[in-house]
Amino acid sequence: MIKKTLTRRQTLGTIGLGATAAATATLGMPAVLRASNGPIKLGFLSGLTGLETILGETQLNCFKLAVSEINDAGGIAGRQIDFVVEDDQTTTRGAIEKARKLIAEDEVDATIGLIASLTHVAARSVTTPAKKLLIYTTYYEGEVCERYFFSTGQIPNQQIVPSVDWLTANEGKTTYVIGSDYVWPRKSAEAVKAAMEAKGGALLGEDFVPFGTQDFGPVFDRVKAADPDFVWVMVAGSDLITCLKQYQSFGFKQQLFSNGLDELFSFAHPELTAGTISNQAYFMNLDTGKNRAFKKAYGEMFGADKPINAIGEAAYDAVHLYKLAVEKAGTTETEAVIDALGEVEFDAPQGKVGFAANNVMRSNSILARGNDKGHWDTIDNFGQIDPLVPGCSL
Amino acid sequence: MKAAISQGRSATPATRRGLRPTTLVAIATLVVLAALPLFAKSYALTSYRDVLLLAVFALSLDIFWGRTGILSFGHATFFGLGAYGMAVVAIHFEIDPAWVSLAGLLFGVGLAAAVATLVGYFILYGGVRGAYFTIVTLALTLIAHHVAVGWSDVTGGDSGLIGVPPITLFGYAFIGSTESYYLALAVLTVALFGSMRLLHGRLGLVLAAIRDSETKARTLGYRTDRTLLLTFVASASLAALAGAVYAAGTGFVAPDFIALLLSTEVIIWVAVGGSGTLIGPVIGTAIVWKLQQEISSISIAAWPIALGSFFILLVLVFPQGLPAYLLKKVRALRSGKGAAP
């Protein structure tokens, strides 16, 4: 399946390169790229229905905002961006089938998006063997080391470790993890455990529940019995709202921390998120000129007072970083773009960002508490942190 | 005995007459399918391969439902057991790559056959028929789905298992899209002609007799419980075979392979193609698949709604399936015209 397509693309690429080389001398790069082979095609793949519906739309909006900004400013080296949107329904099946479609049928130059980690595992099982670029824009468990995979969200040493530092110093030395039953919460729980133990603390227990869990009572009973100093929640998507509601009615005194909470939850349910603590690379409250311009542009395109979260901002960054890399490489040929991605830097709403040698973006780490208006007040800004993936240098 | 059979034949002339056209349609369909790789792009071919295997799955349901008139709402369980059996063997056990496919196939199909025998024995020998059979098998899918989601150490939970290797038989790996397409086509061909041969023969007549009146069939000396159980197990095994080859083709399993939606979809495929015709469900699967592609590209949410609406129509308006319903209408129209002048 892939072999045929690749051959064709490679041929196209070779022809494109040949044309570029031949024409560079006389015309200069942008004009050549415009002439080479029409618009650049991006695939947007994410959970637009299903568990992550709450997050998918904003991620898509931020992606669209970046594309329209680039197209309005003349495209990537003069070539406009076209895109195809596909819904993975937050399922393994959806992510695999749609990733195949984007690569083989739509022949996209790169795929951007994804939320739940099970979908990045699924999509990578398609894109990496096909040697196609995939940029993941959600905070996740890290530990991936593949040339064709880039990520613009936080990984544990940028999100979990600094949070544990603060929590153990201020809330106490013990915690209990409640998570959805898939790779992100399970692997992240290992990172939480290691970080807690490094600070002389302990993970008292962990519970993983299937998607669509309606009753957290039995889990909360175990948490109560274990009596941790704070509770660590990694329940995904709409299940998180169910979990928060029941957490409140259960009358826990312990501080709730969740590295899955952001503006999308807090705008919809400020009464549930007020007082909880989260850690993200971006919060809307961030007071930078770039962020104000970003929020203004988003508001004009999709309506003011709409929430934007770190996943969305990371998607916005991903498109811009891709643009810069293609311009630097002078081609959309995947290998060249990947080489260039490591060298470009983008002035993002969260600050200047770029990729480290392990293909993970250097991103912020901001610990914040939800307020009753649905925004997040910074407790501690750890600044930009270099991503650590043990043993990975690409 | 011989008299009884020939009597049975003359008593149901529709079966005898219906035999030839369906065989012809089957042959024509398979010829078209065999030529398809010449025209299709390799990506499309992998989709078609999946459709062929889903068609085998539909065929498996038709063998039971179409012939006995007893609706199983649990067929996704067997498809899923085949798929998960294949995936679990391939991923959790370290088996020689040359034999892993065979081991997976045997395990998956064996698992489904065992579950079908166990469940089938108690409900069929317990005299459960009709709507109650449907409800029990529906519960079976729900249970199986919960196990697939809950037992995440083995099944991968909601994420499923990724990395099922392609089918390798006797050192030959069906890796490319064309190879795996022809493998699927071979499975379909063997399943289709095998079931046609069986069901157009004595077994088919016994099943038809059971469908018309189980008491009568039993009175004539047929052990209807055993016949039904055997048919159920054969049908479940074929579903599992489709599931196992499907998992190897797509390279993963996920809980939607063993869910109620799939159990519902397979009933629709059979109903659209015409239950009891064997080739009908194969064509029905392709038609509904194409329809699903069109509808979900408009809106993903529209598909379950369309499916549900069709299901209600199916129960209320054409319980015998779409072709039978249309055929009846056409016949009524003709005879109406014939009577008028």
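Order of the sequence lines fixes the chain letters, A, B, ..., with proteins taken first and strands second; residue numbering starts at 1 for each chain. Treat the numbers as computed from the prediction; the structure is a model and nothing was measured. Values below: every heavy atom of this structure, side chains too, minus hydrogens, waters and symmetry copies.
- Heavy-atom contacts from other residues, nucleotides or ligands closer than 6.0 Å to NE2 of B:H146 number 12 or fewer.
- Taking every heavy atom of both residues into account, A:I96 and B:F252 meet most closely at CD1-CD2, 3.3 Å.
- Between atom OH of residue B:Y43 and atom CG of residue A:D106 there is a gap of 8.0 Å, rounded to the nearest 0.5 Å.
- Between B:S159 atom OG and A:R186 atom CZ the span is 9.5 Å, to the nearest 0.5 Å.
- Contact between A:R100 and B:T250 at its shortest, heavy atoms only, is NH2-O, 2.8 Å.
- Here CD of A:E97 is found 6.5 Å from CG of B:D50. Values are rounded to the nearest 0.5 Å.
- Annotation: side chain of A:R124 is not in contact with side chain of B:I162 (no heavy-atom distance under 4.5 Å).
- Other residues, nucleotides and ligands contribute only 12 or fewer heavy atoms inside 6.0 Å of the NZ atom of A:K193.
- Contacts of A:V121 with chain B are made by both backbone and side-chain atoms, with heavy-atom separations under 4.5 Å.
- Residues A:P210 and B:V149 come closest through the heavy atom pair CB-CG1, 3.4 Å.
- With values rounded to the nearest 0.5 angstrom, A:T92 atom OG1 is found 8.0 Å from B:D256 atom CG.
- Across A:A104 and B:K41, no two heavy atoms sit closer than the pair O-NZ, 4.3 Å.
- No more than 12 heavy atoms of other residues, nucleotides or ligands lie within 6.0 Å of CD in A:E57, so this atom counts as exposed by the packing criterion.
- Taking a 6.0 Å sphere around NZ of A:K41, one finds it holds more than 12 heavy atoms contributed by other residues, nucleotides or ligands.
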